[in-house]
Amino acid sequence: MGTGHGGVQTGNALRRAGWVGPITLVGAEKHLPYQRPPLSKSCADAEALDDLALFHPAAHYDSVGVDLELGAQVVGIDRDGSEVELHSGRRLAYDHLVLALGSRPRPVPVAGCGLAGVHTLRTLDDARWISARLRTAGSVVLVGGGFIGLELATVAARLGKRVTVVEAAPRLLHGAVTPVTGQFLTERHTAAGVRLRLGEAVDRITGVDGAVRSVLTASGDELSADLVVVCVGAVPNCELARAAGLPVDDGILVDYDLVTADPAISAIGDCARFPYGNRRVRLSSVQNAFDGATHVARRLTSGAGGYAPVPWFWSDQAGVKVQMAGLPTALHGGLGSGPEEQLDVEGDVAGGSFSVHRYVDGRFVGGESVGMPRAHLAMRRRLAAERASAVPLAG
Ligand SMILES: Cc1cc2nc3c(=O)[nH]c(=O)nc-3n(C[C@H](O)[C@H](O)[C@H](O)COP(=O)(O)OP(=O)(O)OC[C@H]3O[C@@H](n4cnc5c(N)ncnc54)[C@H](O)[C@@H]3O)c2cc1C
């Protein structure tokens, strides 16, 4: 279930691994399956966006023998009957069910989010809407200085808009990248004309006649806005699993093989929380959805076990590509409560070509690179080698 990165790759990987039985991809959205990364990076051009985002043309699914059920919201899982129930009342039987349900934008509890001109970004329809609004908006406010907010800020600044990012944390990408990269990006965005309001919470969003007019910050500033995009993270889509009696805790809980408490149901991608070393993590990345799907396909066809991914992520913003390997900094024990990381910086930070290696107690745990793709690949190889030699804990 789900026609995003995890769902599509499950179908492809199952066929590649020799699965001969029927495969059905069931998705709530009516569009052909598409990728999300271009939605925040290329939303200046709505027409190009459709082509950029599409995974495959419709004919691909026929050619590999994957049935698509689009515009089909699943409303229930009947584990005893091994069926899912669609919104239309139809029921689909399964031998094995893969939950690749993704996540949805985290709501921000401030007044004014319902005004016209205030939006979130998760779907192609969201991106088309933002794209259209960007054409006429003069002032754009992004609530949240995470990856999506900063990629949108880059697009809007390039279009000549007056752009402000309001971020409650004291620095950009807090918990996602090291202070070195955070500071570098702060300078780059500022140089590109983006106004950054760090350590500043949004108090409320004001409007006139139902349309957005401004964002009021907790310190009393009023930022005028024709378009506000709220980008404060995502929450996993776990409700169906919970209603079906599967354990859920900020993600559908799975074991080392991405199997839920029900051996006939796996969960992958943004909606799943899996064992990683001595903790459980939930990762929102293309890599994790893709690798999880590939793992489930391998497990269902050959029984090979043990999901041991090397997490990685990328972001295009402020004119640079930022590449990350390893868990985000916040996942090393939680923000502020984790062990101190030692950083080793190589290259030319001011010139936008550098890498930052992160160590905990002398052990390499990941890093970031900007304009140094080879350094990024070397980090992934190093993490893979260390994962291969590590003993996995039981899920
Ligand atoms: C704007 C944006 C930019 C991003 N950029 C990057 C990037 O640069 N790099 C990166 O690594 N990651 C990026 N990500 C994150 C990445 O796209 C996600 O981690 C990835 O899509 C997760 O795949 P998934 O299959 O788990 O979930 P999704 O791709 O979200 O797919 C889940 C699907 O399940 C469907 N669904 C949910 N509930 C139901 C239901 N009840 N019935 C039927 N269908 C249902 C949804 O409609 C959706 O189509 C970005 C995300 C966004 C939103």
Side-chain angles (χ1 to χ4, degrees), residues 1-11 24-43 49 52-53 55 68-77 84-88 90 92 97-106 119-128 130-131 142 144 146-152 154-155 176 229 231 233-244 251-252 258 266-274 282-294 296 309 311-317 321-325 328:
M1 274 156 42
T3 50
H5 285 266
V8 169
Q9 172 59 9
T10 302
T24 307
L25 286 185
V26 188
E29 293 178 68
K30 60 184 187 314
H31 305 292
L32 272 178
Y34 62 87
Q35 320 178 43
R36 296 181 200 281
L39 305 186
S40 47
K41 298 166 182 69
S42 307
C43 64
L49 189 59
L52 275 174
F55 278 113
L68 288 180
E69 288 279 352
L70 301 177
Q73 174 92 22
V74 177
V75 293
I77 302 170
V84 295
E85 186 186 350
L86 306 185
H87 191 248
S88 61
R90 267 178 68 212
L92 301 175
L97 180 64
V98 180
L99 303 177
L101 298 169
S103 50
R104 58 183 183 275
R106 185 183 298 283
H119 222 282
T120 54
L121 175 56
R122 181 78 200 174
T123 66
L124 183 56
D125 288 341
D126 294 335
R128 286 175 176 166
I130 289 168
S131 182
L142 287 322
F147 290 111
I148 293 177
L150 294 174
E151 289 179 353
L152 282 176
T154 302
V155 171
V229 188
C231 317
V235 288
N237 291 326
C238 304
E239 290 73 12
L240 281 174
R242 187 184 284 116
I252 303 165
L258 304 178
S266 304
I268 60 172
D270 283 18
C271 69
R273 199 149 155 243
F274 61 94
R282 192 173 66 75
L283 298 177
S284 291
S285 67
V286 167
Q287 165 277 316
N288 182 51
F290 187 93
D291 288 352
T294 309
V296 167
W312 58 268
F313 193 85
W314 82 96
S315 174
D316 298 326
Q317 53 176 284
K321 182 178 285 298
V322 189
Q323 293 174 292
M324 290 134 279

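Every number for a ligand or one of its atoms is a count from 1 in the order of the listing.
If you check which protein heavy atom lies closest to atom 25 (O) of ligand 1, you get G6 N, 2.7 Å. Regarding atom 22 (C) of ligand 1, its nearest protein heavy-atom neighbour is D270 OD1, 3.1 Å. Looking at atom 21 (O) of ligand 1, its nearest protein heavy atom turns out to be H5 CD2, 3.2 Å. Scanning the protein for heavy atoms near atom 10 (C) of ligand 1, the closest one is F313 CE1, 3.2 Å. The closest protein non-hydrogen atom to atom 32 (C) of ligand 1 is A100 O, 3.3 Å. Counting protein heavy atoms only, atom 31 (O) of ligand 1 is closest to G4 CA, 3.4 Å. Annotation: atom 28 (P) of ligand 1 to nearest protein heavy atom, R36 NE, 3.4 Å. For atom 47 (O) of ligand 1, the nearest non-hydrogen atom of the protein is E29 OE2, 3.3 Å.
Taking each heavy atom of C271 and P236 in turn, the nearest pair found is CA-CB, 4.0 Å. Here the shortest heavy-atom pairing between Y34 and L39 reads CE1-CD1, 4.0 Å. V26 and V74 get closest at one heavy-atom pair: CG1-CG2, 3.8 Å.
Of the candidates L150, V155, I148, L150 is the only one forming a side-chain contact (heavy atoms from CB on, under 4.5 Å) with Q317.
Side-chain contact between L70 and T3: present, with at least one pair of heavy atoms (C-beta onward) separated by less than 4.5 Å. The side-chain heavy atoms of F274 and I268, taken from C-beta on, include no pair separated by under 4.5 Å. Under the 4.5 Å side-chain criterion, counting only non-hydrogen atoms from C-beta, H119 is not in contact with P105. Counting heavy atoms from C-beta on, the side chains of W314 and V286 come closer than 4.5 Å.
Near G2, meaning under 4.0 Å from any of its heavy atoms, are these atoms of ligand 1: 33 (C), 34 (O), 35 (C). Near V286, meaning under 4.0 Å from one of its heavy atoms, ligand 1 places the atoms 10 (C), 11 (O), 12 (N), 19 (O). Of all atoms in ligand 1, listed by their number and element, those nearer than 4.0 Å to a heavy atom of S284 are 19 (O). Close approach of ligand 1 to G269 (heavy-atom distance below 4.0 Å) involves ligand atoms 26 (O). Close approach of ligand 1 to L240 is summarised as follows: ligand atoms under 4.0 Å from at least one heavy atom of the residue are 41 (N). Numbered from 1 in the order shown, with element, the atoms of ligand 1 that lie under 4.0 Å from a heavy atom of S285 read 11 (O), 12 (N), 19 (O). Close contacts between ligand 1 and A28 involve ligand atoms 43 (C), 44 (N), 45 (C) [criterion: under 4.0 Å to a heavy atom].
Neither the backbone nor the side chain of A127 comes within contact range of ligand 1; no heavy atom lies under 4.0 Å. When heavy-atom distances to ligand 1 are checked against a 4.0 Å cut-off, K41 comes that close only through its side chain, counted from C-beta outward. Under 4.0 Å from ligand 1, heavy atoms of W314 appear from its side chain as well as its backbone. Here V75 has no heavy atoms under 4.0 Å from ligand 1, in either its backbone or its side chain. The side chain of A289, and not its backbone, has at least one atom closer than 4.0 Å to an atom of ligand 1 (non-hydrogen atoms only; side chain from C-beta on). Both the backbone and the side chain of V74 come within contact range of ligand 1, each with a heavy atom under 4.0 Å.
Ion pair D270/R122 flagged as a salt bridge, since at least one NZ, NE, NH1 or NH2 atom sits closer than 4.0 Å to an Asp/Glu carboxylate oxygen.
F147 and F313 have tilted rings, their planes meeting at an angle from 30° to 60° on a 0 to 90° scale.
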> How far apart are the C-alpha atoms of T123 and D126, what are their side-chain angles, what is the distance that settles it, and do they pass the side chain to side chain donor-acceptor pair (under 3.5 Å) test?
Replying inline: CA-CA 5 Å; T123 66; D126 294 335; 3.2 Å; yes

>> I'd like to know whether E151 forms a side chain to side chain donor-acceptor pair (under 3.5 Å) with S315, so could you lay out the CA-CA distance, the side-chain angles of the two residues, the decisive distance to 0.1 Å, and finally the verdict.
In response: CA-CA 8 Å; E151 289 179 353; S315 174; 2.6 Å; yes

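Considering backbone and side-chain atoms alike, S40 places every N or O at 3.5 Å or more from each N or O of ligand 1. Below 3.5 Å of separation, one finds no N or O of S315 facing any N or O of ligand 1. By the 3.5 Å distance cut-off applied to N or O atoms, E151 is not counted among the residues near ligand 1.
Checked against salt bridge (Lys or Arg N to Asp or Glu O under 4.0 Å), R128 has the following partners two or more places apart in sequence or in another chain: D50, D125. Scanning for ring-ring contact (aromatic ring centres under 6.0 Å, His included) contacts around F290 gives an empty result, with sequence neighbours left out.
Within the structure, ligand 1 lacks M1 among the residues with a heavy atom less than 4.0 angstrom away.
Side chain of D291 to main chain of P309: no donor-acceptor pair is present (N/O by atom type, distance under 3.5 Å, no hydrogens or angles).
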